[in-house]
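Notes to accompany the following structure.
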Amino acid sequence: MTLRLYNTLTRRKEEFKPLHPPAVTFYVCGPTVYDYIHIGNARVFIIFDVIRRYLNYRGYRVKMAQNYTDIDDKMIRRAAEEGLSVSELADKFIAAYEEDAARLRIRPAELQPRATEHIGPIIKLISRLEERGLAYVSGGDVYFDTGAFKGYGQLSHQALEELIAGARVEPGERKREPLDFALWKSRKPGEPAWDSPWGKGRPGWHIECSSMAMHYLGETIDLHAGGADLIFPHHENEVAQSTGATGKTFARYWLHAGYLNIDQQKMSKSLGNVLTVRGLLENFNPLDFRFFILSAHYRSPLSFSRDLLLQARSGRERLQELADNLYRALAGSRREAPDGGEKLYSAIKAARDRFIEAMDDDFNTAGAIAVLFELAREANIYLNREHPHNRKLLEQLLALYGEANEIFDILDLRQPDSLDEELRQMIARREEARRKKDWATADRIRDELQAQGIILEDTPHGVRWKRKTDT
RNA sequence: GGCGACAUAGCCAAGUGGUAAGGCAGAGGACUGCAAAUCCUUUAUCCCCGGUUCGAAUCCGGGUGUCGCCUCCA
């Protein structure tokens, strides 16, 4: 089986062939750290977190870099508003990002470079472009000469003339052609600045990603990813700069995540419909959000609403319920207990194959999740029927869900924790009342427990408790 | 205006030539003192009109609708 993925550059699904397997180099455009991240940002980071984990699962050794843009116009503006220096602002929101990402179970990339810590390599890259006649100085600024680079528009699949027709020039820019973009911006009063061959100034947005990607991952990287709105101009410009400087392919595969929409519209600051991760997590479980994100294909637009998230939660809880029950059953399981025959073992094997098949097809997470649900039904049937349970079978089931969870991270897989002595006694007293058919007492105790966040379920195999999930 | 994506049951959603996965919600049933969980059953003229094909949700053409990029934006 081979992994196929959709490459924005060619607009088709291609077989994934890294340059130096099993090594894979993967660059993801990270946040500009001028504010808390919103749930649309979170979608992108979750998706590429999952893709990266899946590649590792498939035996690749992924080296991932995700940058922090800690210097640009938005940073400068926001810092002024907050009364902070640009670097203080960056520190604040990098810390906030790390907190949010951790709560969403996004694993940090191996490399998390900051633009301001790589001014040297950035300047070197600009110089290379200058030497090759692809950059020019105008005022104190340096611009990329898009007209001099053959192949501009290859990623966004736009003809140069069409792009020019739509392009605008901001006041104060000194570029020759509307599509040219700043590699280096000369210092304005009060702005942070670094020394350079062109005088004091700061890097443009696009050059930092090219520079850091090549600095850490090499001049040709395997995967480059980001949100769909980065295709143009950001990634187009990265292609131009990097290929322009080295003459080599910059990124072999470009992956782009679809938008997360609210009210049928793209979420954006200007529309005022932004929901931050912090705001979301005040009311929702991070795992429900991950599950929600993974229930759609990563390239499709996805609508967000409270209702849809609640729908996702109900589904996720079914899988969580199964996982908890498997662990509970494991505690009382025996090696020689009935395992229901070959049927379930082959169902587990088939599930693993189909899971991989779905994920190999351009990371079809929705299809892969469906496999987990189908196996869940088989597993539930077994859990309801047999007692005690066969240890080996339970272990194999848990192994399968464990593998899937190592990629998706949508379940809490854990041994059941224990209850306080007091609560245990309440349950025992209720059992006693039930034996005496004293339903009033039994129900009163059940209500009391529920008030303390403990939900009781009377199953054919005895009473079972679980903690009420938050939010 | 240019480029592009999408349109599958009440809702979400997978599915690129062989006759519609999965989830949520609903209905009925089993189990249960009740509840919960679970299991069983049940819900689709695949946006419209043409065409190609023995056969199309899937391919082609034309509509209609929604969204996006072309400007900072994940």
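Computed from a predicted structure; not experimentally measured. Here is the naming used below: chain letters follow the sequence lines, and residue numbers restart at 1 for every chain.
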What does B/rC46 pair with, Watson-Crick or G-U, if both distances are under 3.5 Å?
none
For B/rU58 and B/rA7, measure between their C1' atoms and round to the nearest Å.
14 Å
Between B/rU64 and B/rU71, how far apart are the two C1' atoms, rounded to whole Å?
30 Å
A/L456 or A/G30, whichever maps to the more 5' nucleotide of RNA chain B
A/L456
Mind checking A/R434 for me? I need base, sugar-phosphate or nothing, with any heavy atom below 4.0 Å counting as a touch.
base
A/N384 side-chain N/O to B/rC31 phosphate OP1/OP2 under 4.0 Å:
no
Ranking B/rA21, B/rA37, B/rG23 by distance to the side chain of A/F373, first place goes to B/rG23
Report yes or no: do A/N67 and A/T69 form a side-chain donor-acceptor pair below 3.5 Å?
yes
Classify the ring geometry of A/H235 against A/H256: parallel below 30°, tilted from 30° to 60°, perpendicular beyond 60°.
tilted
Any ion pair linking A/R434 and A/D458 (charged N to carboxylate O, less than 4.0 Å)?
yes
Taking B/rA13 as the reference, what is the distance to B/rC24 when you measure between their P atoms (whole Å, please)?
15 Å
Distance check, C1' atoms only: B/rA57 and B/rU16, in whole angstrom units.
10 Å
Does B/rA30 pair with anything, Watson-Crick or G-U wobble, both distances under 3.5 Å, and if so, with which nucleotide?
B/rU38
Look for any protein N or O under 3.5 Å of an N or O in nucleotides 4-7 of chain B and output each such pair with its distance, or none.
none

Which atom pair, heavy atoms only, marks the closest approach of A/A90 to A/D70?
CB-CB, 3.7 Å
Relative to the 5' end of RNA chain B, which residue comes earlier, A/P460 or A/R43, by the nucleotide with the nearest heavy atom?
A/P460
Distance below 4.0 Å between A/R318 side-chain N/O and B/rG23 OP1 or OP2
yes
Heavy-atom closest contact (A/P113 atom, A/Y216 atom, distance)
CB-CE1, 3.7 Å
NA contact type, A/D458, heavy-atom cut-off 4.0 Å: base, sugar-phosphate, or nothing?
base
Check A/R78 with A/D72, please: is the shortest side-chain N to carboxylate O separation under 4.0 Å?
no
